[in-house]
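Please read these numbers as outputs of a predicted model, since none were measured by experiment. Reckoned from all heavy atoms, side chains included, excluding hydrogens, waters and symmetry mates.
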Amino acid sequence: MKYSWSKLIIYFLLILCAIPAFSMEKVIEITKGSTAVDLLKEIGVPGGEAYDAIEALSTYYDSRRFRAGQELTITMEENQIPVLKKIEFQHSFDEKLTVIYNGYNFEANIEKLEFKLAYRAASGIIDSNPYLAMKKADMPDSVIMEIFRCFASAVDFSRDIREGDSFKVLYEMYTDDDGEDVKGGPVVFVELMLSGKPMQLYGFVNNAGFYDYYDNDGKSVRKALIKTPIDNYIITSRFGMREDPILGYNKSHTGIDFAAPKNTPIVAAGNGVVEKASWNGGYGNCIIIRHTNGYKTLYGHLNDYARGITPGARVTQGQVIGYVGTTGHSTGYHLHYEVIINGKKVNPATVKSPPEKNLTEKELLRFFTRRDEIIKEFQHLQTTD
């Protein structure tokens, strides 16, 4: 029996189609200097598919914000030609992003992960180093750092701590279905016993919707504005007259420049409402936050904005709002930071922090009720542990 070449080709294709495809998962890790597209192509994903998938991902997440060490789970269908079926990764503790091929194109989806909320109590004696003492009590770093921020304006942790001082802490913890800890939530209560004198703070949501910390009498001990809204920085230019590095002549510099690596997180200097989050001339990508008593802060030359940072959004002190870049009138990666009081730009290094707004009578009544509930919860956990 003779077969034409065309029939042989058809038979061959039918045989290929009959071979069952199988799926396999691969986990790839973002490395320094690499892109998600490059890593996908390295594991056999065709270039066109890799680009289309990452483009779909941009609906929810800018792939330029991937950090070294982040892991992506890749599902591929292996046959004669590998086909990308799905990408998934957890970009925050309670959200998972997926990109799925639906047979025609790639679609991105975001899934909200559900966790249970529990309270954790911890206490201990400080021998010399408060951080090590709190780590010994199995407290997450995020909770310890929050405690340091709470007392930043009242306690010098390098000088005020004495051997034999102690701490008590109640904080929230998110757990998964198996009861495993996932993420430490905000501090609910903290007491530092320094040289026999107790200092106590309670977490409380005021009528404006801000979570802040107050003492036993309902007074805030935290400054309204922190001095430096960025870590891991070098000050390259201060407030005042200077020679403009681009224009070449003396010009007033209306803020402080903090040089830092690209995409270093920038935090809100204080509680407030986002007034602007967009391109702003020489400032490039810029954020302006409105605080109390006529105070505003400005953050310029950003590479990107944090998720949810849009005009009208409420932000809390220490919340990540954006990432260091070199957009606009800029010669290198840095944050340009300004403080503005009633329309006048002032030196951020010497400005006095605006006074915190006191709790109203109705807020105080809610605060005292909440304070008593917190004390009972802490005592209950201390008894059952």
Side-chain angles (χ1 to χ4, degrees), residues 91-95 115 117 119 140-155 169-174 183-190 201-215 218-231 258 264-277 286-299 302 304-324 335 337-340 348 351 353-360 363-364 366-367 370-371 374:
H91 85 105
S92 66
F93 91 98
D94 63 345
E95 287 184 339
F115 296 107
L117 182 61
Y119 287 115
D141 280 347
S142 59
V143 172
I144 297 173
M145 292 301 105
E146 183 65 16
I147 291 171
F148 289 169
R149 284 192 290 268
C150 289
F151 286 104
S153 60
V155 176
V169 185
L170 181 70
Y171 59 95
E172 294 180 351
M173 176 62 73
Y174 291 94
K183 178 181 173 64
V187 173
V188 178
F189 161 73
V190 56
L201 292 179
Y202 303 84
F204 176 72
V205 180
N206 61 24
N207 286 348
F210 291 114
Y211 188 90
D212 214 335
Y213 297 96
Y214 301 85
D215 66 14
K219 295 180 180 178
S220 176
V221 298
R222 187 159 62 169
K223 290 184 178 179
L225 292 181
I226 56 178
K227 294 287 187 182
T228 53
I230 188 174
D231 290 328
F258 299 94
T264 297
I266 299 164
V267 303
N271 295 343
V273 177
V274 176
E275 189 174 274
K276 186 182 187 69
C286 176
I287 294 174
I288 298 176
I289 298 175
R290 183 175 66 253
H291 308 283
T292 58
N293 301 305
Y295 281 66
K296 295 182 182 181
T297 51
L298 179 149
Y299 314 78
L302 278 63
D304 199 2
Y305 308 99
R307 189 164 178 263
I309 300 302
T310 56
R314 293 181 181 276
V315 294
T316 57
Q317 187 178 83
Q319 176 182 339
V320 174
I321 57 173
Y323 304 91
V324 167
L335 164 68
Y337 173 61
E338 293 184 359
V339 175
I340 306 161
V351 65
S353 182
E356 281 285 0
K357 184 179 179 182
N358 292 327
L359 296 177
T360 64
E363 285 177 316
L364 277 173
R366 284 201 303 111
F367 169 77
R370 178 59 179 154
R371 181 197 63 183
I374 289 171

Distance check, rounded to the nearest 0.5 Å: [X] atom [atom1] versus [Y] atom [atom2]?
X      : Y      : atom1 : atom2 : answer
Ile287 : Leu298 : CD1   : CG    : 9.5 Å
Arg290 : Ile340 : CZ    : CD1   : 12.5 Å
Asn271 : Leu225 : CG    : CG    : 9.5 Å
Lys183 : Leu117 : NZ    : CG    : 12.5 Å
Tyr119 : Glu172 : OH    : CD    : 5.0 Å
Ile147 : Met145 : CD1   : CE    : 9.0 Å

Would you say [X] and [Y] make side-chain contact, with heavy atoms under 4.5 Å?
X      : Y      : answer
Ile321 : Ile289 : yes
Leu201 : Val187 : no
Pro186 : Tyr213 : yes
Leu359 : Phe204 : yes
Thr264 : Phe258 : no
Arg366 : Asn207 : yes
Phe367 : Arg370 : no

Between the side chain of Thr360 and the main-chain N/O of Glu363, is any donor-acceptor distance below 3.5 Å?
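Yes, because the side chain of Thr360 sits within donor-acceptor range (under 3.5 Å) of the backbone of Glu363.
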
Indicate yes or no for a side-chain donor-acceptor contact from Gln317 to the backbone of Ala269 under 3.5 Å, with no hydrogens or angles considered.
yes

How far apart are the closest heavy atoms of [X] and [Y], and which atoms are they?
X      : Y      : answer
Lys227 : Tyr337 : O-CE2, 3.9 Å
Ala268 : Thr316 : CB-O, 3.7 Å
Gly308 : Ala313 : O-CB, 3.5 Å
Pro229 : Leu335 : CG-CD2, 3.9 Å
Ala277 : Thr310 : CB-CA, 4.4 Å
Tyr323 : Pro265 : CD2-CA, 4.0 Å

Would the Tyr202 and Tyr214 ring centres measure less than 6.0 Å apart?
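No, the ring centres sit 6.0 Å or more apart.
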
